[in-house]
Amino acid sequence: MCSAKYDQLTPSQKEAVFHKKGPALVLAGPGSGKTRVITYRISALIDSGVRPWNICAITFTNKAADEMRQRVIAIGVAAGSHISTFHSLCVRVLRRYADKAGINPNFSIYDNADQSRCMKQAVKDCNLDSVNFPPARMLDAVSALKNNLVTVVFFKADADDFFSKTLARIYEHYERILSEHNALDFDDLLMRTALLFDNCPDVCREIGERFKFLLIDEYQDTNYAQYKIAKSIVSGHNNIFVVGDPDQSIYRWRGADIRNILDFEKDWPGAVIISLEENFRSTPNILEPADKLIAVNKNRKEKKLIPTRQSGKDAVISVFEDEREEANAVAEKIKELAEEGMPLSGMAVFYRVNASSRVLEEAFIKNKIPYQVVRGVEFYNRKEIRDLLAYLKILANPSDENALLRIINTPSRGIGKTTIDRLKAYAVSQGISFFDGLKKAELIDSLPKAAKIKIGDFVKMIERFKKDSSGKVAPLAERIFNESGLSELIKSSEPEWKDKTENVDELINTAAYYDQQAEQPSLVEYLQQISLVSDVDAYDTAAERVALMTLHAAKGLEFEDVFIIGLEDGLLPHERTNTGNEDDLEEERRLFFVGITRAKTGLFISRARYRTIRGQLMRTVPSPFLYELGTDFAETASSCHSCGSRNPFAKLSDYADITTGIDDTSQILHDFVAGQLVRHKTFGLGRVKEFIDMGEDSEVVVKFNTGQTKSLMVKCAGLSKM
DNA sequence: CATAGCCGCCTTTTT
DNA sequence: GGCGGCTATG
C-alpha cells in the first residue's frame, strides 16, 4: 500500500482492491471501473506478497484477458499471474489431467458448424426425422443440459415422458459421435472440467493450491458449470473475488444464471459486498435514459447510476424511412463528427443481429469512412481457412472425422460419395475410425482398383505431413497449403483468388505469431487456442476505424459516440423473444441498456419505418423500449415536432420525432402486422397475432395482456397502434 | 465422379 | 437474401 499508483482510486474501489481474503462480491454498474478494480487488485495482492502465479483472473473474452495482462504490466507488476477465460482455463486443465478426465489430450474443439453436423447425424442415427426434431433445437437442449452438468447417464435415468426419452437417446448418440471423433464441444470444456474437479479431489486440491486467489470478471454471465468450477477451485481457501452487474446480464440464453450473482451471499457465507455505483464514463444525458429504461425491469435489485461527469450533449432518437436511409444518416453523422475532430476509433455502431452490418458497410464504403466489422469468427469460417485447418486437425487428431470428410476430396482427387460411403461402412463394420479404415482400403472388396490407388495416395500424403507435424506450426501450414493442392485450387477460383490467398497468408501469420510466442509450439495447442477466438478478439482497438458490432459484442467496451440502430419491435426486442416470457424481454432490455451505457458523450438511437427482412420490405413498429427512455427525453424530441422539423430524412442532428413515427403508423388503419403492439379501449394493450387482409372487412386477431385472444373487425375495433 | 444449377430452408445473440 | 443440400447432366 506504499505506492502512489493507488491514489487515483475512489474509496469504494480501494475497499475492493485491498480486500484481504475470503469471498467478496463487487456489485458494479456500468462505467464504474470494474476491470480496473480487478487489475489493481492483482497488483495489490502481489504487493502484499502473493506470488503472481498463485493468482487466477477470469475474463469473458480472450481480448479482455490480453488487455488485462497489458494493464497489469503497465501499472508496474511483472507478468506471471494466470489471466484467461473460463474456456481457455478448462482446455489447459483438461489437457493436463486428460487421463483423469478420461479423454485423449489431442481432442478437437468442435464449433457450431461441427456440432450441427454431429447432431444431424445423431438425429439420423436415432431414426428420427429432422422436422420433428430439428438439430438446432436439439443442440440447444443438449447445450442447456451440459451447462447444468446433466450427463447422459443422469438425464436418461430421469427421463420419463416421451420427449425427454427421445432427447436422451439423441444426447447419447451425439455424445458417442463426439467421442468417436475425439472431440469436445464448447459446453463439454466446462462440463468435463467441472466433473473432473468433482470426481478427483486431488486434482481439485492441486488447482486450489496453485490458484490461491480467484478473481472473476463479468460474474453475472457465468453459468452453473462455471459456478461449480469456481467453487471447486476455491474450496480450500474461499478466496473468491467476483465483479459483476446483474443489469448487464445478457447471456441467459447461453445458460448464464443471474442467480450466481444474486445468491452470492448465500453461496459464500460471510461474503463482503462492495457497491460501485458511481459512473465515470457517461454524461448524465446518457445515464438518465439508461436508468429509466433499466428501471422498467421488475426482476432486479434497484440500483442508481450516479453520474460523475458534467452534462453534455443530448441523446438523440431519429426515425428514417428505411434501413438504407438509416445507414446513410449514421455514416453522414459520423463523417460530420470526424470533421469536428472526433477520431474514428472513438465511434461505434451497434445492432442486434449481424445481418444489419451489410447495409452499414455499404453506406460506409459510399461515404469513404474507414470501418471494421468486429466479427472474429468470420475469418475462421471462410472456406479456404477451414480447409487448411482441416488438414492440420487431421494431423493433430486422426479421429476428427469432420475434418477428414472435409478434405478427403478437397481439392478433388476422385474420391466421391460412393467411395466414401463404402469406406465408412467398412470402418463401422470393423469398429475402427474412418481414418484407420482409409489405411486398410486395400482390403475392401467393394472398392474398385482406381479408388484404392487414390485413397492410398491420399493416406501417403497425410502421413508425409504428419512426419513434420511436431515442431512449429507455420512452416507446416505453408507446406500443406502448397503440397496438398489447396494452393492450385485457390488460384483457379477466378474472381476472389487474391482475397483467398491473402486470407491463407493471414492464417499462416497467426500461426507464425503463435510459434514465436509459445514456449514449445504444438499443433494441438495452436488448434485448441484458435478454436476459442471470439468476435471481439478481432477488434483492433488502435485502428483509426469506426467499429461496427452486435450489442452482445459491445459488452465491456466504451466509445465517445455510440450509434444504436434498428430500435424496432421484432429486432430489439428480437422477435424470438416475443414468447410472452417476461424474463426474455427483460434480457433484451438489458441488452439495450448495455448498448446505451457504452457511450461516453454521444448517443444516437435510430429506427426505420420500413426494413428489408429476408429480402422483403416490411413495415416496422417502433420498439417499446423507446417509450421507456423517459418523458424528458421524449419531450425534447416533441418540442422539435412543434417547430415543424418532421423530415424523416433529416440528419441525426436534426431531431426527428419519435412520436411522429407513432402518429404516422396509427393513421393507417387497414394494415396490421403480426407481433405489433396495439391498444383497445376496453381490452387494453395487446399484440397482433394474425392479420386477415380482406380490404374494408379485414380482421385482426389480438392477444391481449389480460390473457384473452380476440378476433376483431378492423373497422369497428377502434384499435390504435403503439 | 464432377459440376452447375436449382430448390427450399432458415434467419439472435457466442465461448 | 444466403447457404446447404440435392439432382440432373456431362
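Neither OP1 nor OP2 of B/dT15 sits under 4.0 Å from any side-chain N or O of A/Thr59. Between A/Asn354 and B/dT14, a side-chain N or O to OP1/OP2 separation shorter than 4.0 Å is present. Between A/Lys555 and B/dT14 there is no side-chain polar atom (N or O) within less than 4.0 angstrom of OP1 or OP2. Contact between the side-chain N/O atoms of A/Arg358 and the OP1/OP2 oxygens of C/dG2 is found at a separation under 4.0 Å. For A/Thr550 and B/dT14, the shortest distance from a side-chain N or O to OP1 or OP2 is below 4.0 Å. A/Asn409 has a side-chain polar atom (N or O) that falls below the 4.0 Å cut-off from OP1 or OP2 of B/dA2.
Each of A/Tyr251 and A/Lys417 lies near DNA chain B, and the nucleotide nearest A/Lys417 is the one positioned closer to the 5' end. Summary of the strand contacts: A/Arg576 and A/Ile420 both lie near DNA chain B, and taking for each the nucleotide with the nearest heavy atom, the more 5' one is attributed to A/Ile420.
Using the six-membered ring where Trp is involved, A/Phe350 and A/Phe559 have ring planes that are perpendicular, over 60° apart on the 30 and 60° scheme.
Listed nucleotides: B/dT14, B/dA2, B/dT15. Nearest to the side chain of A/Ser412: B/dA2. Relative to the side chain of A/Arg352, the nucleotides B/dT14, B/dT3, B/dT12 differ in distance, and B/dT12 lies closest. Side-chain proximity of A/Lys120 to the nucleotides C/dG4, B/dT3, B/dT12 is greatest for C/dG4.
Dense packing is recorded around CZ of A/Arg95, with more than 12 heavy atoms of other residues, nucleotides or ligands lying under 6.0 Å away.
Per the geometry, CD belonging to A/Glu323 stands 10 Å off P belonging to C/dG1, to the nearest Å. Atom pair A/Lys146:NZ and B/dT15:P shows a separation of 18 Å (rounding to whole Å applied). For the pair A/Arg252 CZ and B/dT12 P, the computed distance is 17 Å after rounding to whole Å. If you measure from atom CE of A/Met618 to atom P of C/dG1, you get 16 Å, rounded to the nearest angstrom. Between the CZ atom of A/Arg117 and the C1' atom of C/dC3 there is a distance of 14 Å, rounded to whole Å. One atom, CG of A/Asn381, and another, C1' of B/dT14, lie 12 Å apart when rounded to the nearest Å. The separation between A/Glu218 atom CD and B/dT15 atom P is 12 Å, rounded to whole Å. Distance, A/Asp140 CG to B/dT13 P: 13 Å, rounded to whole Å.
Residue contacts for A/Thr612: at a heavy-atom cut-off of 4.0 Å it reaches no nucleic acid atom on any strand shown. Using a 4.0 Å heavy-atom cutoff across all strands shown, A/Lys454 reaches no nucleic acid atom at all. Within 4.0 Å of A/Ile415, counting heavy atoms only, lie sugar-phosphate atoms of the nucleic acid but no base atom. Nucleic acid contact class of A/Phe86 (heavy atoms, under 4.0 Å, all strands): none.
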Worked verdict on A/Arg609 versus A/Asp322 for salt bridge (Lys or Arg N to Asp or Glu O under 4.0 Å): CA-CA 6 Å; A/Arg609 288 202 179 84; A/Asp322 59 29; over 6 Å; no
Candidate pair A/Arg619 and A/Glu568, rule salt bridge (Lys or Arg N to Asp or Glu O under 4.0 Å), full reasoning: CA-CA 10 Å; A/Arg619 168 175 277 278; A/Glu568 292 139 37; over 6 Å; no
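Between the side chains of A/His552 and A/Tyr251, no donor N or O sits under 3.5 Å from an acceptor N or O.
Centre separation under 5.5 Å together with a plane angle under 30° holds for the ring of A/His574 and the six-membered base ring of B/dT12, marking them as stacked. Stacking of A/Trp253 onto the six-membered ring of B/dT13 is present: less than 5.5 angstrom between centres, less than 30° between planes.
At a threshold of 4.0 Å, the pair A/Arg300-A/Glu586 does not count as salt-bridged, since none of the basic side-chain nitrogens sits closer than that to a carboxylate oxygen.
Taking atom P in both C/dG4 and B/dT13, the straight-line distance is 16 Å, to the nearest Å.
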